[in-house]
Amino acid sequence: DYFFEAQERASEAENVPPVIPTPHHYLLSVYRHKIFFVAVIQSEVPPLFVIEFLHRVVDTFQDYFGVCSEMMIKDNVVVVYEVLEEMLDNGFPLATESNILKELIKPPTILRTVVNTITGSTNVGDQLPTGQLSVVPWRRTGVKYTNNEAYFDVIEEIDAIIDKSGSTITAEIQGVIDACVKLTGMPDLTLSFMNPRLLDDVSFHPCVRFKRWESERILSFIPPDGNFRLLSYHVSAQNLVAIPVYVKHNISFRDSSSLGRFEITVGPKQTMGKTIEGVMVTSQMPKGVLNMTLTPSQGTHIFDPVTKLLSWDVGKINPQKLPSLKGSVSLQAGTSKPDENPTINLQFKIQQLAISGLKVNRLDMYGEKYKPFKGIKYMTKAGKFQVRT
Amino acid sequence: RHDDLKEMLDSNKDSLKLEAMKRIVAMIARGKNASDLFPAVVKNVACKNIEVKKLVYVYLVRYAEEQQDLALLSISTFQRGLKDPNQLIRASALRVLSSIRVPIIVPIMMLAIKEAASDMSPYVRKTAAHAIPKLYSLDSDQKDQLIEVIEKLLADKTTLVAGSVVMAFEEVCPERIDLIHKNYRKLCNLLIDVEEWGQVVIINMLTRYARTQFLSPNQNESLLEESAEKAFYGSEEEDTKDAKAEAASLAKRKPYVMDPDHRLLLRNTKPLLQSRNAAVVMAVAQLYFHLAPKAEVGVIAKALVRLLRSHSEVQYVVLQNVATMSIKRRGMFEPYLKSFYIRSTDPTQIKILKLEVLTNLANETNISTILREFQVCHGHTGGTGGQPWHGSGMDKDFVATTIQAIGRCATNIGKVRDTCLNGLVQLLSNRDELVVAESVVVIKKLLQMQPAQHSEIIKHMAKLTDNIQVPMARASILWLIGEYCEHVPKIAPDVLRKMAKSFTNEEDIVKLQVINLAAKLYLTNSKQSKLLTQYVLNLAKYDQNYDIRDRARFIRQLIVPTEKSGALNKYAKKLFLAQKPAPILESSFKDRDHFQLGSLSHLLNAKAVGYQELPDWPDEAPDPSVRNVEVPEWTKCTSREKRKEKVEKPFYSDSEGESGPTESADS
């Protein structure tokens, strides 16, 4: 109840404080997928401990049900109970690796529900959680595949703030390596980079051996089965970051008339010959804006007069013919011009390019005899990319 | 009512039972009471089907406390389970048994835990460790017996058990630090292989342990300063005897060598900064902050900054802690200044915390960049020409905080005070009332530090009284004018005249300040303002608020000379126009560091239930030999030097011996 009070007080969902003290308890919450997950705490505990666990719970739900929505949780309440039961014992986390959980409780699929109703078998695994006993708790035993494959995706996100004149205020690259490993048995992998020096700050999946990394800058690990995040890294602001796009803008409101001019052009810059895809421009207009009449040279745009949110789905950028959005802004009559210009948020994707220049050198496998199929993909995305105008 | 469910539970078919249990669990989830089904459900506890069994467990744990007698029916099943050859069945039986909160079975639980603690399988031992706090919360009289079990489990060498047993230790007997001694090195060495949740608990526990058992690594510095001071005085006095004694005592303490065990802890926790679990990173960060020598604390900054990329809740907690750290160790986060720049998409609470950190980090070299950032933040075009982009209308709290942050920067760094002040004065012409009000309050505080040069600003503010409606701001302006009425002799009476006119419609705090202003003017410029003052005081005399009535009466006695009023009257001017000390604007995070960082209490700035105070460093190093595992006779050594020599030897030999196997387990 205290929580709902706090929720009402906050104007937006994101503004609900994550920690709420009440007379007898403390409420810790996380907000994801438009649902609040609340934990009730009686005594002192590191708050991050709880928050991190809640996030892990959400991740697990997402893993189990594909999407994590209110409907999904209500429909699968029994499975949710079973999973939580396994994850937590008297307030202490027990099994949080989704690999082990899936062994204990199989995730519901349409096929399995059909099979279950016919044969009367259950979702709960017959085997006991042997994984919890082994030295590598993240991997289940007895994995078998006919095609042995290991895929690695190097995904980098650029966070940047660009100021009015187009110069960079801050730019950082955050990268992750997501892996999908389907290998038989207990493979022991090593992954080495051409330029490991680039990685400024790294955090690993627990399977990675710290010592090898510290001494040789090589990732050595026994992978979990299936999808997992091998490592996430950070290329610091000290290194120069190549910004792959630029935005030209001309937004002006005049005091006298109730009309303003609006013009944006997006263009590529330092992309090493790759095309920029999935470009999306969004901007929160000031309150005084009534409507916008705009014509894009490509793509579609929407202006929502209630939330004052302008979004323009550009798509691919053709370097010969730069996409632009021009038009006029009509302002509420009688009010003076807004005293600030809107910020432009940008999203984009570049395939087959890691903007930091990180390259995987080779991947070797020990411990098993077969030859796995290996693949590596690179991608660059915009993270929190803002242009101040 | 639930007859159909009962029937299904009594049937022979597993599928029907399963269906019934699922419906019951769904009922529980929806908050409906399903306790009347208890007897029917309990019967199924011995069911062969695992899923039914699990759901029955869920149900049992939920309702056993209400229906204690019936719950006893299920106990025998668990007792049988405890003897099962399969370790996993043993473990799960123990788990459920210990989750049933029925006081009568305490002895049974105790027995089961004791047995499980010496089980072959580490998994069962782990479960036993989990069961300990459960039993403790059910019956705290069992403490002594439980501590015995904990002691036994602490000696366990497997990584699986370590986390859980330390958790139990923290819950049951955190004060029995002596139990840790013998296991300290083992825990340090195992740490990296323990599962992540266990790591958090162990690190927090070890932080407390280290605080009681090792000397402060930073004491040397303070000692050096001290000794330098003493030497200075010592040279003037020729008291050689004293100096000698001092030197001797210094010599004894000065060569601070970090206890090798302390070093071991720091070394073994460092790689955990790269954990993917934010809680682990935070735990290591607080350990370094509290335990490491100053020169080494810097390593945690990078990891903490990385956490800022995480979910907003994590950001919130981390920023709170960074704010505290940045007060004490400013240099640590300076290279990462840009990571704390504010994005328009951040939630308000994050923005405010980022501002806090930026303000703490401000110093002479980076102040100009920070100020520019602030200006962009609150959306006004300052002298730098940065176009605004942050909606001043969007986020009132945030705007207010920004302005306060500017004020704090200005007080802390004298060089930029004028720039800040100019910026703030420009803000006064902002259209948003809140912005203006907040700036007035901050300007008032700033002006108090150096009023003489700024009569222009005061004049400007005096003009504003007509427009500003926010009471706090009005009151601030009036106070300013009153305080410095000598700098603005022409305007002050005029303002008073206006205020007298609207006196009855003002808020209470404004009224009080009107009275103050009147009194001050009466004293400095009685010719022009005598009548006005009388008028205001008369109005105040019949005010509804007794504070105001009191104040009016008090001031009238003080300033208006009558035949009765005595000595006080003469000093009225001194009383009212005394130099007031300038206020100090400081961070609300200033005193938070006495709480252990990363703890809930720190976040709330209040003691949470069960918070363990972080002990101060001891003055004398406690006997380090208690941590020696194998050779107890060394504890007998009395001479300090002798012991040191000997203690070092076993440490090296056993650290090598212990790091050997962990490495081999790794590779």
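Keep in mind it's a predicted model, so treat the numbers as computed, not measured. A, B, ... follow the sequence lines: proteins, then strands. Residue 1 opens every chain.
Put simply, the side chain of A:R209 does not reach to within 4.5 Å of the side chain of A:F221, judged on heavy atoms.
No side-chain donor from either of A:Q174 and A:Y233 sits under 3.5 Å from a side-chain acceptor of the other. A donor atom on one side chain and an acceptor atom on the other are found under 3.5 Å apart for A:S203 and A:S232.
With respect to the salt-bridge test (charged N to carboxylate O, under 4.0 angstrom), the residues A:R32 and A:D59 qualify. Under the 4.0 Å criterion applied to side-chain N and carboxylate O atoms, A:E52 and A:R56 are assigned as salt-bridge partners.
Of the two parts of B:V318, only the side chain, counted from C-beta on, holds a non-hydrogen atom closer than 4.5 Å to a non-hydrogen atom of chain A. Within the 4.5 angstrom heavy-atom criterion, atoms from both the backbone and the side chain of B:V314 approach chain A. Of the two parts of B:Q315, only the side chain, counted from C-beta on, holds a non-hydrogen atom closer than 4.5 Å to a non-hydrogen atom of chain A. Using a 4.5 Å cut-off between heavy atoms, A:R212 does not touch chain B at all.
Ranked by heavy-atom pairs shorter than 4.5 Å toward chain B, the options A:L54, A:V50, A:I161 are led by A:I161. Looking only at heavy-atom pairs under 4.5 Å with chain B, the residue among A:D159, A:V80, A:V208 that has the most is A:D159.
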